[in-house]
Asker: 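The structure's right below; bear with me while I get my questions together.
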2 protein chains.
Amino acid sequence: MKPTIKDVAKLANVSISTVSRVMNAPETVVETKRTRVTEAIETLGYRPNSLARGLISRKTGTLGVIIPDIRNSYYADLIRGMEDASKKLGYNLIICNTDSDKNRLISYLNNFYEKQIDGILLTSEPVYPDYYNELKRLKMPLVLVSTHSLEYELPSVKINDEQAAYDAVSYLISSGHKEIGMIGFDLSDSIAGLTRYQGFVRALREYNLEAVKKNIVYIHDWAENGEEAAQKLFQLAPELTAVFAASDELAIGLLSYLHENGISVPERVSVIGFDNIRLSRFTIPKLTTVAQPKYEMGVRSVEKLHRIISGEKDPILREYLPHEVVVRDSVKRR
Amino acid sequence: MKPTIKDVAKLANVSISTVSRVMNAPETVVETKRTRVTEAIETLGYRPNSLARGLISRKTGTLGVIIPDIRNSYYADLIRGMEDASKKLGYNLIICNTDSDKNRLISYLNNFYEKQIDGILLTSEPVYPDYYNELKRLKMPLVLVSTHSLEYELPSVKINDEQAAYDAVSYLISSGHKEIGMIGFDLSDSIAGLTRYQGFVRALREYNLEAVKKNIVYIHDWAENGEEAAQKLFQLAPELTAVFAASDELAIGLLSYLHENGISVPERVSVIGFDNIRLSRFTIPKLTTVAQPKYEMGVRSVEKLHRIISGEKDPILREYLPHEVVVRDSVKRR
DNA sequence: CATCCTTCTGAAAAGGTTTTCAACTTCACA
DNA sequence: TGTGAAGTTGAAAACCTTTTCAGAAGGATG
């Protein structure tokens, strides 16, 4: 049986209040007793029970994270940032994968509520009205990560996806490309899908290349294979000299397809990705891409949530972090 | 203020015992009251407080996972298996990254103890005596994942690393290669380092190729770049026709190095990896590798831990799951 | 010497649930 | 009509802490 505060009290021959004080405000107890208590704690190997503590203090020191899928290395980086920041601020993370399943999400939310989690980090899912209602009902501190909501007043941390996509495509155009295609996520995905498409179109329009905006193939699930999409794209528009892939994983599938079909990169076709995942440095050729500050976003979101939990005033509701085009070898000037 | 069981009781005009029974053993309460209570729960949006529940039941429905780094896609797959199995069995996961730092590990262990976690999943770290003492002191249910201990009687789930490495190298040899090299993890890593090295050596010895076992370069940190190691290796032994990389990430770095230096794969040099990570299907050329059943290992380890927690007899202390050589395009017969 | 402050301490309440126990109803059966 | 069993119910204890409150002890001040 685990030792409790009572056992310590008995061994040190003091009341449990005193033991509690030794742990939480040592300066208020006289030295003789304090050392007696400390020694008792030591010999028993006593550690306070967080459940009891949380019951009374209404704090659990735990944050709940909701992500689509941890296997996606984008989220892995994000979470690592969250974890490091959490450790610093004294939180633990409970991580739940939803596979973008609505029911799973709602079920996890309720689970968080029951567990008396201190706050929620909700990633990537667009905030649909029914989510919002559920969130509102639960009244728990919340930060949206790599997603945001323009309809509702919810705090968020992300990059500007539209601008980032615009910058990627502008980079292709300024490298002399005119026949440009895109592999993107479904437009119903208002974060990674629609916005990046909008950035793509805005860049084209600005350079009077709008005719080209039909050269696009959509993916409906992030785990889907970039190779197939690539095949469809080049069937649709064989004359392409450059492709913007809405994620590095897609870009890697695309690279694979092009290699299989003897189309050299970047000589014949240039490729630009999105996310800057770990392995994009090691593709052949090394992938040019637009980098999201994933780790940093994780850190910031936890700090933001912490501010909300502790009732500090949070200066900015919706935070946008800077992205960056990382130039490597997969785009050629022509 | 969140509604409590008292509020429900008052609204339904019954005692709190009855409310509790409605939730935990509905058949023992008469129908009229039961519906009254259910309705009250509904209108108040009541959800039981897990802290209070856990305090009395001595169960939190939470498992603690200790991993080196979630960004390593190997662990991400593992965790996904754990998560799915946990969901099924009614657990949540608290995930902690140690970066293989001893102090962090110990600190997390104590944190788990305080949080009254139901059990621990400890991955990859070899079990050093001081860990063992700590674990023993805490007396918490534990399963080792993708690591094991031969000194101590601890339950574990992993593959047979030595045999898997042996199979990888045998595959190279049976493909006609004699000049074989290896990029491996430091031998002080008794799981991914030493064992895979031993498998490498056993295969060489069996085919009388032992002279070649000096062709090896060690990596001291998984995040280290495979490219540098590749460079050292080919400086050491330029005549190599095949390389066994102890992880797919290393293999990808190696591929990148070879491409940079105009050494064609698999025509001039063959490469075999280890782990079968997601992206190994998309490298150029597609990577031949030995697959670990990562997801399955995650699932099995949670099931095993669950058995231990519920006091069921667990049939096998140390479980070894089957691996498999996945043949793709990076190894050429000669 | 009386009074007032400080400093230190323990008893008890509170936090929200589950579970035990005793008591009360109801019903079947003799 | 009486007896016992079965079915329901609520009061109270238990789980382990933190915190409030009042009291005791000691010192300083008038």
Asker: As a quick check of understanding, evaluate salt bridge (Lys or Arg N to Asp or Glu O under 4.0 Å) for D130(A) and K102(A), giving each step before the final call.
Answerer: CA-CA 10 Å; D130(A) 49 344; K102(A) 201 178 253 189; 3.2 Å; yes
Asker: Would you say that more than 12 heavy atoms from the other residues, nucleotides or ligands in this model lie under 6.0 Å from the NZ of K87(B), or not?
Answerer: yes
Asker: Output the single nucleotide from dT17(D), dT18(C), dG10(C) whose closest atom is nearest the side chain of I16(A).
Answerer: dT17(D)
Asker: Would one find a side-chain N or O of N49(B) under 4.0 angstrom from OP1 or OP2 of dG15(C)?
Answerer: no
Asker: Ignoring the backbone of V30(B), work out which of dG10(C), dG10(D), dT9(D) is nearest its side chain.
Answerer: dT9(D)
Asker: Check whether any side-chain N or O of N97(B) sits under 3.5 Å from a backbone N or O of I70(B) as a donor-acceptor pair, and report yes or no.
Answerer: yes
Asker: At under 4.0 Å, does any side-chain N or O of S20(A) touch on OP1 or OP2 of dT18(D)?
Answerer: yes
Asker: Could you go through R36(B) and E39(B), starting from their C-alpha distance and side-chain angles, then the distance that decides it, and tell me whether this counts as salt bridge (Lys or Arg N to Asp or Glu O under 4.0 Å)?
Answerer: CA-CA 5 Å; R36(B) 244 158 61 208; E39(B) 280 166 18; over 6 Å; no
Asker: Nearest to the side chain of V29(A), heavy atoms from C-beta on, is which of dT9(C), dG16(C), dT9(D)?
Answerer: dT9(C)
Asker: Is the ring pair Y320(A)/H148(A) parallel, tilted or perpendicular, if the boundaries are 30 and 60 degrees?
Answerer: perpendicular
Asker: Rounded to whole Å, please give me the gap between CZ in R53(B) and C1' in dC16(D).
Answerer: 18 Å
Asker: Do the side-chain N or O atoms of T18(B) get closer than 4.0 angstrom to the phosphate oxygens (OP1, OP2) of dG10(D)?
Answerer: yes
Asker: Please determine, for the side chain of Y46(A), which listed nucleotide (dT17(D), dT18(C), dT9(C)) has the closest atom?
Answerer: dT17(D)
Asker: For the base of dG10(C), is there a side-chain donor-acceptor partner from R21(A) under 3.5 Å away?
Answerer: yes
Asker: Counting side-chain heavy atoms from CB outward, which of dT18(C), dT17(D), dG10(C) is closest to S15(A)?
Answerer: dG10(C)
Asker: Please compare V19(A) and K33(B) by the position of their nearest nucleotide in DNA chain D and report the one closer to 5'.
Answerer: K33(B)
Asker: For K10(A) and dG10(C), give me the distance from atom NZ to atom C1', rounded to whole Å.
Answerer: 16 Å
Asker: Given dG15(C), dG10(C), dT9(D), which nucleotide is nearest the side-chain atoms of S17(A)?
Answerer: dG10(C)
Asker: Rounded to the Å, how far apart are Y113(B) OH and dC16(D) P?
Answerer: 11 Å
Asker: What is the distance from CG of N13(B) to C1' of dG10(D), rounded to the nearest Å?
Answerer: 12 Å
Asker: L55(B) CG to dC15(D) C1': how many Å, rounded?
Answerer: 4 Å
Asker: Send over the distance from L51(A) CG to dT18(D) P, rounded to a whole Å.
Answerer: 13 Å
Asker: Please report, rounded to the nearest Å, how far the C1' atom of dT18(D) is from the CE atom of M23(A).
Answerer: 9 Å
Asker: Rounded off to whole Å, could you give me the CD-to-C1' distance for the E114(A) and dT17(C) pair?
Answerer: 12 Å
